[in-house]
Number of protein chains: 2
Amino acid sequence: MDRQLLKGHLPVIILGLLAEEPRHGYAIAEELKRRCSSAFELGEGTLYPLLYRLEDKGQIKSKWVRLTNGKERRVYQITPAGKRTIAAHQKDWNRLAEAFRNILGEEWAKA
Amino acid sequence: MDRQLLKGHLPVIILGLLAEEPRHGYAIAEELKRRCSSAFELGEGTLYPLLYRLEDKGQIKSKWVRLTNGKERRVYQITPAGKRTIAAHQKDWNRLAEAFRNILGEEWAKA
DNA sequence: GATACATGGTATGTAATACAAGGTATTGGT
DNA sequence: ACCAATACCTTGTATTACATACCATGTATC
């Protein structure tokens, strides 16, 4: 699909995954592949910068977690601000959908 | 609303308006204001470059039309490729919506 | 000893939109 | 006759998100 369409929507997909439970980067990528591969997949070079941006904006926070085997990985979790962002996005989505219905007709975006 | 969300969707809004009937730039702007102002408005500096891009890609074509008063204005109309783009976008939109439902739950994006 | 997976990172480019400004021509009000 | 508003088109620069491609490291597996 046209990647341009993802702009602005992609962060919310990530936030949605983190709203379910805290996850580290690789787990996010895997989960995305499992659940959305038909729509899109993300390279690491897309995912990590995205996570940094989200953290910069305070919508997620991360901490390094030491595993039993001594390895570390970075686990992200959503913040209240992140949850508000999801809600706001939902509103925007509906406004967009309404604009499309206005212009392309009622039949549009039924399924 | 977050303008990032419009990326990739905006051209389709324009194409939709031109699918109704050929229009010149200003008329497009007016119609948009009338029908979508709650969602967004476009400055001319956003609209015209958008039209140029669409024409470059062959999704619309334009011609100068001389009015009775001797003035000229540029009228755009959609091409078959443009119509195909609308249809493709519709598919992408539904895929996106499905991804959100997958992740944010069935309740999402109902209206 | 090669290959794959798990996990995190950076650097650079591209393309869509935002914003700001400028320009001409007509119309209408005072 | 003048000013303001509206109709209409154009250009240039900045922002920003995402794509692409690449690197590093360790561990399991064949």
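Quick caveat: nothing in here was measured; it's all calculated off a predicted structure. Each chain gets a letter, A, B and so on, in the order the sequences are listed, and its residues count up from 1.
The residue B:R53 sits close to a base: some heavy atom pair falls under 4.0 Å. Nucleic acid contact for B:G45: base, since at least one base atom lies under 4.0 Å from a heavy atom of the residue. Among the atoms of the strands shown, base atoms are found under 4.0 Å from some heavy atom of A:E44.
Partner of B:I103 under the side-chain contact (heavy atoms from CB on, under 4.5 Å) criterion, chosen from A:L15, A:I86, A:I13, A:V12: A:I13.
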Practice task
For the pair B:K63 and B:K61, evaluate side chain to side chain contact (heavy atoms under 4.5 Å, CB included) and give the outcome as yes or no after the intermediate values.
Solution key: CA-CA 7 Å; B:K63 53 185 173 194; B:K61 57 184 178 180; over 6 Å; no

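The nearest heavy atom of DNA chain D to B:G25 and to A:R3 marks one nucleotide each, and the one closer to the 5' end goes with B:G25.
Of the inter-residue distances, the one linking A:D2 atom CG with B:K7 atom NZ reads 12.0 Å to the nearest 0.5 angstrom. Atoms CZ and CG, on A:R3 and B:D92 in that order, are 10.5 Å from each other to the nearest 0.5 Å.
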Could you give the side-chain donor-acceptor pairs of residues 40-58 of chain A under 3.5 Å, partners two or more places apart or in another chain?
{"unit_1": "A:E55", "atom_1": "OE1", "unit_2": "A:S62", "atom_2": "OG", "d": "3.3"}
{"unit_1": "A:E55", "atom_1": "OE2", "unit_2": "A:S62", "atom_2": "N", "d": "3.1"}
{"unit_1": "A:E55", "atom_1": "OE2", "unit_2": "A:S62", "atom_2": "OG", "d": "2.9"}

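For A:L104 against B:G16, the heavy-atom pair with the smallest separation is CD2-CA, 3.5 Å. Scanning both residues, B:Q4 and A:G8, for their nearest heavy atoms gives CB-CA, 4.1 Å. The minimum heavy-atom distance linking A:E72 with A:W64 is given by the pair CB-CE3, 3.9 Å. Taking both residues in full, the closest heavy atoms of B:L17 and B:R23 are given as O-NH1, 2.8 Å, listed atom of the first, atom of the second, then distance. For the residue pair B:I78 and B:L18, the shortest heavy atom distance occurs at CG2-O, 3.8 Å.
Note on residues 1-31 of chain A: pairs passing ring pair (Phe, Tyr, Trp, His ring centres under 6.0 Å), not counting sequence neighbours, are A:H9-A:H89, A:H9-A:W93, A:H9-B:H9.
Using a cut-off of 4.0 Å between Lys/Arg side-chain N and Asp/Glu carboxylate O, B:E31 and B:R34 are scored as salt-bridged. Classification of B:E30 and B:K33 as a salt-bridged pair holds, one side-chain N sitting under 4.0 Å from a carboxylate O.
Counting 5' to 3', DNA chain C first comes under 4.0 angstrom of a heavy atom of chain B and last does so at the ends given by C:dA16 to C:dT26. Taking 4.0 Å as the cutoff to heavy atoms of chain A, we find the contact window on DNA chain D bounded by D:dA17 to D:dC22.
Near DNA chain D, meaning a heavy atom under 4.0 Å from it, residues 7-16 of chain A has A:K7, A:G8, A:L10, A:P11 in order of number. Near-neighbour residues of DNA chain D inside residues 54-66 of chain B, defined by a heavy atom below 4.0 Å, number-ordered: B:W64.
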